[in-house]
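Take a look at the structure set out below.
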Number of protein chains: 2
Amino acid sequence: MAPRSKRAPRSGSNKVRIEEVARRAGVSPITVSRALNTPEKVNETTRVAVLKAVEETGYIPNRLAGSLASNRSKTVGVIVPTVTNSIFADKIRGLGDVLSGAGYQILLGQSGYSLDAEADLVAALLAQSPSGLVLTGSTHAHRTHVMLERSGVPVVETWTSAEFPIDMQVGFSNEAAAFAVVEHLVAAGYRDLALVVAPVQDNDRALGRLEGFRKAIAHFGLRQPAPEREAAFSLRNGAEALVNILETHPDTDAIFFANDILAAGALLECRRRNIAVPGRLGVAGFDDLEIAAEIVPSLTTVAVPRYEIGSRAAQMLLARLDNAETGRRVQLDFTIMERESTRRER
Amino acid sequence: MAPRSKRAPRSGSNKVRIEEVARRAGVSPITVSRALNTPEKVNETTRVAVLKAVEETGYIPNRLAGSLASNRSKTVGVIVPTVTNSIFADKIRGLGDVLSGAGYQILLGQSGYSLDAEADLVAALLAQSPSGLVLTGSTHAHRTHVMLERSGVPVVETWTSAEFPIDMQVGFSNEAAAFAVVEHLVAAGYRDLALVVAPVQDNDRALGRLEGFRKAIAHFGLRQPAPEREAAFSLRNGAEALVNILETHPDTDAIFFANDILAAGALLECRRRNIAVPGRLGVAGFDDLEIAAEIVPSLTTVAVPRYEIGSRAAQMLLARLDNAETGRRVQLDFTIMERESTRRER
DNA sequence: CTGTTAGCGCTTTCAG
DNA sequence: CTGAAAGCGCTAACAG
């Protein structure tokens with residue numbers, strides 16, 4: 001009796017394997033592999049025959065097997081706090097556009113602004129042997145650093161300009177941007193400022209903006225301590241923060257919201273309460289979302305390269321995987337967008 | 001001379017393999033595997049020893065290898081037109097919350113509203129042997145259908161209520177929702193309606209809304225043909241569509257925008273032009289994004305279960321993978337949110 | 001340019 | 001409850 005495989009055959013797996021394509025094309029499996037992955041290394045006649053067989057059979061290569069064998073996976077892990085925030089959505093679009101052009105897939109993780117959740121995601125993503133990892137921010141749990149170090153996987157941290165990135169970095173200086181906003185408010189004639197920023201706990205982007213704000217307040221000799229509020233990103237929270245600040249600090253003449261959604265919510269509340277912007281109150285935002293240009297009055301804000309952060313991060317990763325020379329820190333520019341909400345008649 | 005492996009050793013791969021953990025725990029590799037994947041099948045003493053060894057070594061299982069061997073991958077492919085549209089972002093959040101709780105990762109693809117791009121993504125995702133696929137809409141390229149059929153992978157189509165889903169479906173009736181909006185506008189006293197909808201080409205959600213609108217126009221005997229415009233989702237496009245409609249059809253007394261962002265853009269334009277809403281013009285939106293409740297005047301719209309579409313899709317997939325009984329079509333409810341933008345004094 | 005052989009790291013099956 | 005052997009589908013290395 002012929003020795004039978006110990007392993008039962010897969011239940012009617014109708015999937016085409018490389019061997020079948022090879023048989024059909026009259027070549028060996030490895031030639032099919034080469035025709036698909038490194039076509040320039042295969043004779044044209046052979047290649048055409050293989051592609052024909054692929055077409056006829058509807059063969060879709062099993063990347064799991066290919067990645068395991070080659071130790072290269074064509075996936076990139078991306079961790080964002082949440083896709084619901086459009087600044088991260090734009091980054092993902094930038095990543096996706098560049099990566100899918102190069103045949104890579106995105107493995108997406110949402111950390112919910114929790115470093116612990118981020119660490120779990122890093123472990124889960126590393127388990128898939130990604131070609132690279134794109135993280136948000138430069139603040140991570142200790143075990144995240146350990147795992148990343150150990151894995152040797154290329155890492156890009158985004159949105160920050162921390163001095164010592166784990167590996168690569170694409171971002172801008174949140175601190176400098178916030179400083180510039182205050183500088184603009186001062187130039188527009190505002191003196192009694194307030195700040196509304198995302199919760200800074202474990203959020204270096206928010207923390208950078210807070211610090212830039214504080215430094216500018218000190219630098220320009222403005223009212224101290226300036227009222228500061230933390231609020232998660234929503235229109236409602238912006239409206240509520242505005243009301244709260246005006247109640248506790250009625251002499252406030254301008255508020256810097258470290259996010260356009262918060263600022264827009266405040267502008268809508270100003271309309272409901274007939275608070276004159278920019279006359280009674282100046283309002284500035286952050287991000288330059290579309291609403292900043294469209295809302296009435298239009299919103300002064302900081303334009304940041306959301307999409308580009310994603311596309312550049314992807315490019316750096318691809319360059320690294322290609323063993324090309326890459327810088328480690330890409331510092332992008334921001335631009336103050338002066339609009340009606342701080343255009344005070346003096 | 002001892003036979004040497006033909007394959008060169010991996011360049012300093014510092015990754016821990018299951019074998020090392022096994023040695024450390026004094027068991028065989030398969031026992032480590034079981035302790036991790038099916039702990040209930042392992043003696044507690046053994047399990048503790050294994051977990052200790054895992055901890056000490058920092059072992060992260062190679063899922064590529066595991067998936068290849070077990071033919072189960074713990075990833076789910078998700079294809080959306082774009083993450084930039086917050087309705088899809090909410091769906092992804094719903095998917096992510098449920099899937100990551102069950103140990104699954106999301107492989108994300110963005111089709112850019114192109115069926116051809118979608119088909120390419122389906123091929124790329126299938127190559128990763130996902131446990132399931134979550135698609136947007138029920139309109140797909142022919143080859144997409146062929147590939148899905150062939151693969152046997154569970155599929156959930158979302159956002160639609162097409163009669164014959166490929167496999168499973170979670171959505172609502174875009175047509176009925178649009179009909180209900182018109183019904184509301186009629187009840188509020190509006191008669192000369194217009195529609196602004198996303199480009200309907202290859203977009204069954206937009207097409208459904210268009211059809212619901214047309215049916216309602218006919219049903220209620222309103223002005224025909226009602227002006228219809230296509231506009232991609234943005235505030236600016238909403239403002240421009242408004243202006244265009246009022247120029248060509250000045251007698252229009254209400255506009256239904258099949259998306260809140262378009263509607264909000266129009267409301268902002270109305271403010272700039274001093275067009276009284278709801279007096280001179282009624283405005284209705286679709287989706288019930290946060291801005292609908294916050295904008296002035298607040299926006300009448302349709303609340304749709306964005307997050308739930310994602311979470312339910314994930315649950316259906318998990319149930320199927322668990323061989324549990326599942327329905328094939330989940331039809332969720334929508335709710336008309338009556339707000340100021342259509343509250344006409346009569 | 002093409003084929004042979006071995007093996008990626010894990011889990012399946014079957015035996016104890 | 002635990003282990004031995006085999007093999008998932010593909011590609012690296014080497015030989016021709």
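A note on names: the letters A, B, ... follow the listed sequences, proteins ahead of strands, and every chain is numbered from 1. Only a predicted model underlies this, so the values are computations on that prediction, with no experimental measurement involved. Scope of the values below: all heavy atoms of this structure, side chains included, with no hydrogens, waters or symmetry mates.
As rounded to whole Å, 15 Å separates atom C1' of C:dG3 from atom CG of A:N43. When the C1' atom of C:dG7 is taken as reference, atom CG of A:L64 falls 17 Å away, rounded to whole Å. Here the P atom of nucleotide D:dG3 and the CD1 atom of B:I18 are 12 Å apart, to the nearest Å. Taking atom NZ on B:K41 and atom P on C:dT11, their separation rounds to 12 Å, with Å as the unit. Residue A:K74 contributes atom NZ, which lies 22 Å from atom P of D:dG9 at whole-angstrom precision. Rounded to an integer number of Å, the gap from B:I30 CD1 to C:dT13 P is 11 Å. One interatomic measurement links the two molecules: CG of A:L68 to P of D:dG9, which rounds to 12 Å at whole-angstrom precision. The interatomic distance linking A:N71 (CG) with D:dT11 (P) rounds to 13 Å, in whole Å.
Taking for each of B:V42 and B:A65 the nucleotide of DNA chain D with the nearest heavy atom, the 5'-most of the two is the partner of B:V42.
In terms of the ring pair (Phe, Tyr, Trp, His ring centres under 6.0 Å) criterion, A:Y104 has no residue partners (sequence neighbours excluded).
Here the CG-OG distance, from A:D202 to A:S111, works out to 10.0 Å after rounding to the nearest 0.5 Å.
For D:dC10, neither phosphate oxygen OP1 nor OP2 lies less than 4.0 angstrom from any side-chain nitrogen or oxygen of A:S33. Close to D:dA12, at under 4.0 Å from its OP1 or OP2, lies a side-chain N or O of A:R72. Using a 4.0 Å cut-off, some side-chain N or O of A:N37 falls inside it from OP1 or OP2 of D:dT11. Distances shorter than 4.0 Å separate some side-chain N or O of B:S28 from OP1 or OP2 on D:dG3. The shortest distance between the side-chain N/O atoms of B:T31 and the OP1/OP2 oxygens of D:dT2 is not below 4.0 Å.
Contact annotation: the side chain of B:I92 never approaches that of A:T84 to less than 4.5 Å [non-hydrogen atoms, C-beta and beyond].
Listed for the A:Q105 side chain is no donor-acceptor partner under 3.5 Å among the backbone atoms of B:A124.
Looking at the side chain of A:V27, the nearest of the listed nucleotides C:dT11, D:dT11, C:dG3 is C:dG3.
Nearest heavy atoms, A:D167 versus A:P154: OD2-CA, 3.3 Å. Of all heavy-atom pairs between A:S129 and A:T75, the closest is O-OG1, 4.4 Å.
No more than 12 heavy atoms of other residues, nucleotides or ligands shown are found within 6.0 angstrom of CD on A:E19.
Applying the 3.5 Å distance criterion, the base of D:dG3 shares a donor-acceptor pair with the side chain of B:R34.
Contact check of residues 46-61 of chain B against DNA chain D (heavy atom, cut-off under 4.0 Å) returns B:T46.
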